[in-house]
Protein chains: 2
Amino acid sequence: MVAERIEGLRLPRTQRRQQILAAAAQAFAETGFHGTSLADVATRVGVSQPGLLHHYPNKQALILAVLEERDDEDSRYLDETFRDGDPTVVEWLMALCELNARRPELVRLYTVTAAESLDPAHPAHEFFQHRYQRIRRIMAERIAADQRKGRVDRALDPEHVATEVMAVMDGLQLQWLMRPPVDMCARFRAYLERWSAGGEDAAPAGGRRLSADA
Amino acid sequence: MVAERIEGLRLPRTQRRQQILAAAAQAFAETGFHGTSLADVATRVGVSQPGLLHHYPNKQALILAVLEERDDEDSRYLDETFRDGDPTVVEWLMALCELNARRPELVRLYTVTAAESLDPAHPAHEFFQHRYQRIRRIMAERIAADQRKGRVDRALDPEHVATEVMAVMDGLQLQWLMRPPVDMCARFRAYLERWSAGGEDAAPAGGRRLSADA
DNA sequence: GTCTATAAAATGATAGAC
DNA sequence: GTCTATCATTTTATAGAC
């Protein structure tokens, strides 16, 4: 039984746009940009297809809005979670992984559209090129900061480590989204503990210890 | 200047099918299953769209044929490369990475379609579910074999290591396919050397040493 | 083995009424 | 803000000639 569509129901602009972004995120996560039709998204929202295009002028604008909104939301959450602490990069990464583990649909959205966006003609091509550069830079800075605090082996190249960590996260996410799913957080924790074992000559300042369970 | 289409030119079945698989592999690598049209592939081959469908009855059969053929080809190559040696799992993995580094279009085909295939309705969904299970099993067996030979730390769980190694490869491939590309083989070698350092208490029997250059 | 012709459906987008 | 109507294209697939 599909939810009835209340035709012509007028909603405030912001609210409707939120609905649309949520529905579009689901659809793009399942079938990517090319595999998703505007009619598909419109149906999920309970609105006509031209009604959808009233809020986002075309398909490209829609997917970009989805990706950017989700990115902003995540940044805010992570900033907030560690507002007063001084987490090690390892703690920060595990928190990110555990956050992701609670949001498979979001992970899937980025896994699917990132691969699709390798095509230079893809509407999110530039978005993902910049996104990966940005995340790599942020991660390298955190690693370098931990090196200065003696928490990470100083012999390592921050940018190289950042590249590797991102690869592990992306790759584990893909296998986690498959059947049977791998235990993403357990594998990531094991990886991080092996990786950071060398440089742990100082206790985390304001953070908690990395625990083996959870 | 686009290559002229010689209309109606009759080619032997096998040869034409090879052409089609090659063109389809390119197209699917660039835009995935949903983003590729049969007309697109047909044009690349220099054949009409119904002419294409004469050789593969529908789009799903085409992409499955592409993926399976490429997998077979790779298996043959890897078996052949190490026919007489007894490579360590690390040597075997580096050879695989270096092979991939020479075939970006093939890597892209698998990166793009694997993510797309997370959708249970995708024509290659089952193919990739099985593929990942199979590769994980093969890799775990090689790791276990190396453990018995004292080449890899016996404390490690082969299946867990296999999962992690596959994640690193997949993740590095994605970043390698982006701009600017990361140095996939260098990052993979650094990862493997850190990973295998613990268990190297025996010299590889018939294999060569892992070198820092290449 | 390949083509032209064609069908039937889906898709992204616009015009204009309410 | 939402709809119906409509368009121009594209897309997968089939029929039948050569």
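FYI, side chains are in, hydrogens and waters are out, and symmetry mates aren't considered; it's all heavy atoms of this structure. Proteins get letters first, then strands, A, B, ... in listed order; numbering begins at 1 in each.
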Problem set entry | Summary of protein contacts for nucleotides 11-18 of chain D, nucleotide by nucleotide, where a base hit scores B, a sugar-phosphate-only hit scores S (4.0 Å, heavy atoms) | SBBB----
Give the table of side-chain donor-acceptor pairs shorter than 3.5 Å for residues 174-188 of chain B, with sequence neighbours excluded, one pair per line with atom names and distance.
{"unit_1": "B:Gln175", "atom_1": "OE1", "unit_2": "A:Arg136", "atom_2": "NH1", "d": "2.5"}
{"unit_1": "B:Gln175", "atom_1": "NE2", "unit_2": "A:Thr163", "atom_2": "O", "d": "3.1"}
{"unit_1": "B:Asp183", "atom_1": "OD1", "unit_2": "B:Ala186", "atom_2": "N", "d": "3.2"}
{"unit_1": "B:Arg187", "atom_1": "NH1", "unit_2": "A:His160", "atom_2": "NE2", "d": "3.4"}
{"unit_1": "B:Arg187", "atom_1": "NH2", "unit_2": "A:His160", "atom_2": "ND1", "d": "3.1"}

Exercise. Sub-3.5 Å donor-acceptor pair from the side chain of A:Tyr110 to the main-chain atoms of A:Leu67, do we have one?
Worked result: yes
Exercise. Any donor-acceptor pair under 3.5 Å linking the side chain of A:Glu30 with the backbone of B:Ala121?
Worked result: no
For this session: Locate the shortest heavy-atom distance separating A:Gln49 from A:Ala39; write the atom from each residue and the value.
Result: CG-N, 4.0 Å
Seminar exercise, completed: Rounded to whole Å, the CG-P distance (A:Leu62 to C:dT11) equals 15 Å
Exercise. For D:dG1, does either OP1 or OP2 sit under 4.0 Å from a side-chain N or O belonging to A:Arg17?
Worked result: no
Exercise. Does the pair B:Leu172 and B:Tyr191 meet the rule for a side chain to side chain contact (heavy atoms under 4.5 Å, CB included), with working shown?
Worked result: CA-CA 11 Å; B:Leu172 286 179; B:Tyr191 164 76; 5.8 Å; no
Problem set entry | Any B:His54 side-chain N or O less than 4.0 Å from OP1/OP2 of C:dT2 | no
Problem set entry | Between C1' of D:dT2 and OH of A:Tyr56, the distance in whole Å | 16 Å
Problem set entry | Side chains of A:Tyr132 and A:Asp170, donor plus acceptor under 3.5 Å | yes
